[in-house]
Amino acid sequence: MFCSVKCKNKAQFISEEKIIKQIKAFYTKNNRIPVKKEFQHTKAARERFGSWNKAIEAAGFSPNPAMFAERHIARDGHECDSLSEKIIDDWLTSNNVKHKRSIPYPQNNKLTCDFVIGKYFIEFFGLENEHKRYTELVQEKRRLAKKMKLNLVEIKPAHIFPKNKLNEHLSFLLK
């Protein structure tokens with residue numbers, strides 16, 4: 001998707017070297033490879049290298065097999081189930097927000113909450129409507145939170161990608 005024909009035509013002339021340079025620059029700045037939604041020239045990368053993963057490999061990195069497949073360690077040592085959870089955990093740490101990870105829900109210790117901060121239960125619902133069982137678990141967590149009168153805060157992929165909006169979405173934690 002391009003904003004105009006001019007942008008589309010410009011993307012066709014982006015060199016392999018420029019794509020590799022931009023991927024490496026993103027890694028240097030963020031200490032991780034970009035996901036497709038964060039990279040301005042994803043289409044050009046696919047055209048030049050055959051796929052997004054091949055562009056990542058050409059830049060000297062190992063691609064993630066899937067957005068939520070690998071575990072990541074946050075700056076504070078917490079083990080996170082996805083890159084997105086790591087980004088959230090690192091945001092909390094960098095803003096000095098004390099938090100706990102993977103805390104069981106009251107009355108159902110089979111379900112765990114991604115982050116608990118004081119009276120807030122914060123969940124990253126990254127695969128909602130992508131996988132049937134995952135979506136069922138999300139709905140179960142919502143029902144339980146409502147029944148228990150828990151302060152459930154939902155974070156969606158759009159709060160992180162392509163632009164990190166956690167400052168706006170979680171600003172209430174900084175007061």
Side-chain angles (χ1 to χ4, degrees), residues 1 23 26-27 29-40 42-43 45-46 51-53 55-56 61-175:
M1 245 183 255
I23 292 170
F26 185 96
Y27 183 87
K29 182 179 177 185
N30 299 286
N31 201 30
R32 63 178 175 80
I33 60 173
V35 295
K36 286 187 262 187
K37 292 179 180 180
E38 293 176 299
F39 196 73
Q40 183 179 8
T42 304
K43 184 170 172 82
R46 283 196 316 260
S51 73
W52 173 247
N53 282 344
I56 296 297
F61 302 105
S62 297
N64 290 329
M67 191 173 183
F68 303 101
E70 292 185 2
R71 295 211 180 266
H72 297 268
I73 304 299
R75 285 187 213 135
D76 62 4
H78 286 147
E79 187 174 314
C80 300
D81 297 329
S82 67
L83 172 60
S84 298
E85 286 184 11
K86 178 192 181 309
I87 291 169
I88 296 164
D89 197 295
D90 288 345
W91 183 90
L92 294 168
T93 298
S94 67
N95 285 285
N96 297 313
V97 177
K98 293 191 184 292
H99 57 282
K100 297 176 185 173
R101 281 272 306 140
S102 301
I103 302 300
Y105 274 82
Q107 294 188 356
N108 187 340
N109 59 5
K110 291 181 183 177
L111 294 177
T112 59
C113 182
D114 295 329
F115 303 95
V116 174
I117 300 161
K119 62 182 180 177
Y120 297 103
F121 278 60
I122 299 178
E123 291 278 12
F124 176 66
F125 291 147
L127 294 175
E128 183 178 21
N129 300 319
E130 298 289 327
H131 297 285
K132 183 180 178 186
R133 181 65 187 132
Y134 183 92
T135 301
E136 290 169 354
L137 288 172
V138 167
Q139 292 167 349
E140 191 174 336
K141 287 180 176 186
R142 285 182 180 135
R143 280 191 297 274
L144 185 59
K146 186 175 181 177
K147 176 184 172 188
M148 300 295 302
K149 295 184 169 86
L150 301 174
N151 295 313
L152 181 63
V153 178
E154 298 183 16
I155 300 175
K156 308 286 180 129
H159 293 122
I160 301 172
F161 304 111
K163 183 179 182 239
N164 188 323
K165 299 174 189 162
L166 292 175
N167 280 338
E168 297 137 35
H169 193 63
L170 298 177
S171 62
F172 67 93
L173 295 171
L174 303 177
K175 296 176 182 177

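Everything numeric here is computed off the predicted structure, so don't read it as measured data. The figures that follow rest on heavy atoms only: side chains count, while hydrogens, waters and symmetry mates do not.
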Legend entry - Side-chain heavy-atom pair His78, Thr93 within 4.5 angstrom cut-off: no
Inset, instruction - Would you give the length of the straight line joining atom CD1 of Ile33 to atom CD1 of Ile23, rounded to the nearest 0.5 angstrom? - result: 8.5 Å
Legend entry - Pair Asp89, His72: side-chain N/O donor-acceptor within cut-off below 3.5 Å: no
Legend entry - Phe61 and Tyr27 aromatic centres sub-6.0 Å: yes
Inset, instruction - Measure from the side-chain N and O atoms of Asn164 to the backbone N and O of Leu166, and report whether any donor-acceptor pair falls under 3.5 Å. - result: yes
Inset, instruction - Please report the closest heavy-atom contact between Lys147 and Gln107, naming both atoms and the distance. - result: NZ-OE1, 3.6 Å
Legend entry - pair Leu170-His159: side-chain heavy atoms closer than 4.5 Å: no
Inset, instruction - With the side chain counted from C-beta on, respond yes when Arg75 and Ser94 share a heavy-atom pair under 4.5 Å apart, and no when they do not. - result: yes
Legend entry - Heavy-atom side-chain contact between Arg101 and Cys80 under 4.5 Å: yes
Legend entry - Heavy-atom pair with the smallest gap, counting every atom of Pro106 and Leu150: CD-CD1, 4.0 Å
Legend entry - Leu92 vs Leu173 side-chain heavy atoms within contact, under 4.5 Å: yes
Legend entry - Short N-O contact, Arg143 and Glu140, less than 4.0 angstrom: no
Legend entry - Under 3.5 Å: donor-acceptor pair, side chain of Glu38, backbone of Pro34: no
Inset, instruction - With rounding to the nearest 0.5 Å, note down the distance linking SG in Cys113 to CG in Leu152. - result: 7.0 Å
Legend entry - Between CD1 on residue Ile160 and NZ on residue Lys86, distance to nearest 0.5 Å: 12.0 Å
Inset, instruction - With rounding to the nearest 0.5 Å, note down the distance linking NZ in Lys146 to CG in Leu144. - result: 13.0 Å
In residues 115-128, what donor-acceptor pairs under 3.5 Å come from side-chain atoms, sequence neighbours left out?
from, atom 1, to, atom 2, distance (Å)
Glu123, OE1, Asp114, N, 3.4
Glu123, OE1, Lys141, NZ, 3.4
Glu123, OE2, Tyr105, OH, 2.6
Glu123, OE2, Lys141, NZ, 3.1
Glu128, OE1, Arg142, NH2, 3.1
Glu128, OE1, Lys156, NZ, 3.0
Glu128, OE2, Arg142, NH1, 2.7
Glu128, OE2, Arg142, NH2, 3.1

Legend entry - Geometric class of the Phe39/Trp52 ring pair [parallel <30°, tilted 30-60°, perpendicular >60°]: tilted
Legend entry - Reported CD1-to-CG distance for the pair Ile103 and Leu111, which is rounded to 0.5 angstrom: 13.5 Å
